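Structure first, commentary second.
Every heavy atom of this structure was used, including side-chain atoms; hydrogens, water molecules and symmetry mates were not. Numbered from 1 within each chain, the chains take letters A, B, ... in sequence-line order. Keep in mind it's a predicted model, so treat the numbers as computed, not measured.
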Protein chains: 2
Amino acid sequence: MNTAPLTRRARAGGGRMTAQRRAVLQALQELGCAPTAEEIHTRARHIRSGLGLVTVYRTLETFAQEGLVQRLFLDDARGRYELMGGRHHHHLVCLSCGTIQSLNRCFLAAAERAARARGFKVTAHRFELFGYCRRCQAPAAR
Amino acid sequence: MNTAPLTRRARAGGGRMTAQRRAVLQALQELGCAPTAEEIHTRARHIRSGLGLVTVYRTLETFAQEGLVQRLFLDDARGRYELMGGRHHHHLVCLSCGTIQSLNRCFLAAAERAARARGFKVTAHRFELFGYCRRCQAPAAR
DNA sequence: TTAATTGCAAAGGATTTGCCCGCTC
DNA sequence: GAGCGGGCAAATCCTTTGCAATTAA
């Protein structure tokens, strides 16, 4: 798997490119859909043994600030991380086994149809918009 | 605020109706959109002083199992709770002040329009479907 | 009565912070 | 060489669990 473009983007963020960060990037790329920090750690450790979990957390936070990665929460309190810049997508989260699949469509009706088409039985959905409320835009939206 | 219907629903779940549980129900009803356990605790404590945070957590879990309440996660690791059974809706989460408003519309395009109409500047959105994947439906979807 | 429920204290899981050493630039 | 980045241990935050006392039904 080619991590060069990602490495380039990461360096553009201003930070140094270390073996650990490269390992995290590669793990993210290999794992795909919304892995947890621990899953990333386990995978990245195969690439760079001795890599600490704390380093993974710090690396992910750095990448998130650079816009390279986003953190999101699905149905539990564990943060999940994904590379930004791929095709915009959402998720199908299995309540039974925890499997997460990605879904390219974005509208509810179409999404539900797409989900059904792949044999996924939808029992609930969630849709959130993030941004700045009127009050916070007024002065200087921090 | 009338909590009788809620009380009825809660009792139908089989559990006992205590002053603590009534306080949590009332707090949920008063607080509205997706408060955290701590916010619920603070509010419910005004109704029933001495109420413990642990009791709030346990009560919320009980209610969630009875389908009276749902727990959800927005942009952080803290669980948030809402009464079920109201109008189906989603959320507008302010990244600056943390304010959460509810949004009745469910489709992206319409939702974005609705958000804009109330002066909310959307910078990101999330849409997740929950349910059972094909593999988990097959044997006995637990 | 008697099992469900509460409150306190302590445990747990995930994530963050402090500190110092090592490595990238 | 200077300062960013890494690793370890400890701290923190939110949530859950253990246990004895209390209370609804």
Side-chain angles (χ1 to χ4, degrees), chain A residues 3 7-8 10-28 34-66 68-81 98, chain B residues 3-4 7-27 34-45 47-66 68-81 98:
Chain A
T3 53
T7 302
R8 220 174 297 122
R11 294 190 62 167
R16 292 177 183 174
M17 187 43 57
T18 63
Q20 289 86 337
R21 292 187 174 185
R22 241 187 310 269
V24 170
L25 281 180
Q26 194 181 326
L28 280 166
T36 61
E38 201 180 332
E39 289 165 342
I40 295 164
H41 179 224
T42 300
R43 182 66 154 255
R45 203 187 243 290
H46 293 156
I47 302 162
R48 163 78 186 184
S49 65
L51 174 65
L53 177 57
V54 177
T55 297
V56 171
Y57 275 110
R58 272 192 284 228
T59 300
L60 289 169
E61 221 233 296
T62 301
F63 287 165
Q65 286 183 339
E66 293 170 357
L68 200 65
V69 153
Q70 74 168 328
R71 175 162 81 151
L72 49 92
F73 293 87
L74 298 179
D75 63 339
D76 60 26
R78 290 177 308 170
R80 294 171 175 280
Y81 302 82
Chain B
T3 53
T7 302
R8 221 173 296 123
R9 286 174 60 200
R11 295 189 61 167
R16 292 177 183 175
M17 187 43 58
T18 63
Q20 289 87 335
R21 291 186 174 185
R22 242 187 309 271
V24 169
L25 281 180
Q26 195 181 325
T36 61
E38 201 181 333
E39 289 164 344
I40 295 164
H41 179 224
T42 300
R43 182 65 155 253
R45 203 188 245 289
I47 302 162
R48 162 80 185 182
S49 64
L51 174 64
L53 176 58
V54 176
T55 298
V56 172
Y57 274 110
R58 274 192 286 226
T59 300
L60 290 168
E61 221 232 298
T62 300
F63 287 165
Q65 286 183 338
E66 292 170 358
L68 200 65
V69 153
Q70 74 168 328
R71 174 162 81 150
L72 49 92
F73 292 88
L74 297 180
D75 62 339
D76 60 26
R78 291 177 308 172
R80 294 171 176 280
Y81 303 83

| field | Span of DNA chain D, from the first to the last nucleotide whose atoms fall under 4.0 Å of chain B heavy atoms | value |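 Result: D:dC14 to D:dA25.
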Which atom of [X] lies closest to which atom of [Y], heavy atoms considered:
X: A:E39; Y: A:A34; answer: OE1-O, 4.5 Å
X: B:A19; Y: B:R48; answer: CB-NH1, 3.7 Å
X: B:A27; Y: B:I47; answer: N-CD1, 4.1 Å

| request: Kindly write out the residues that satisfy salt bridge (Lys or Arg N to Asp or Glu O under 4.0 Å) with A:R58, not counting sequence neighbours, or none if the list is empty. | output: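 For A:R58 there are no salt bridge (Lys or Arg N to Asp or Glu O under 4.0 Å) partners, ignoring immediate neighbours.
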| query | Can you list, by residue number, the residues of residues 16-25 of chain A that have a non-hydrogen atom closer than 4.0 angstrom to DNA chain D? | reply |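 A:R16, A:T18, A:Q20, A:R21, in order of number.
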Could you state the [atom1]-[atom2] distance from [X] to [N], rounded to the nearest angstrom?
X: A:H41; N: C:dG13; atom1: NE2; atom2: C1'; value: 16 Å
X: B:Y57; N: C:dT6; atom1: OH; atom2: C1'; value: 17 Å
X: B:R78; N: C:dG13; atom1: CZ; atom2: C1'; value: 17 Å
X: B:R58; N: C:dA9; atom1: CZ; atom2: C1'; value: 12 Å

| query | Taking C-beta and beyond as the side chain, do B:T62 and B:E66 meet within less than 4.5 Å on heavy atoms? | reply |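 Yes, at least one pair of side-chain atoms sits under 4.5 Å.
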| query | Do A:V24 and A:F63 have side-chain heavy atoms sitting under 4.5 Å apart? | reply |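 Yes - at least one pair of side-chain heavy atoms lies under 4.5 Å apart.
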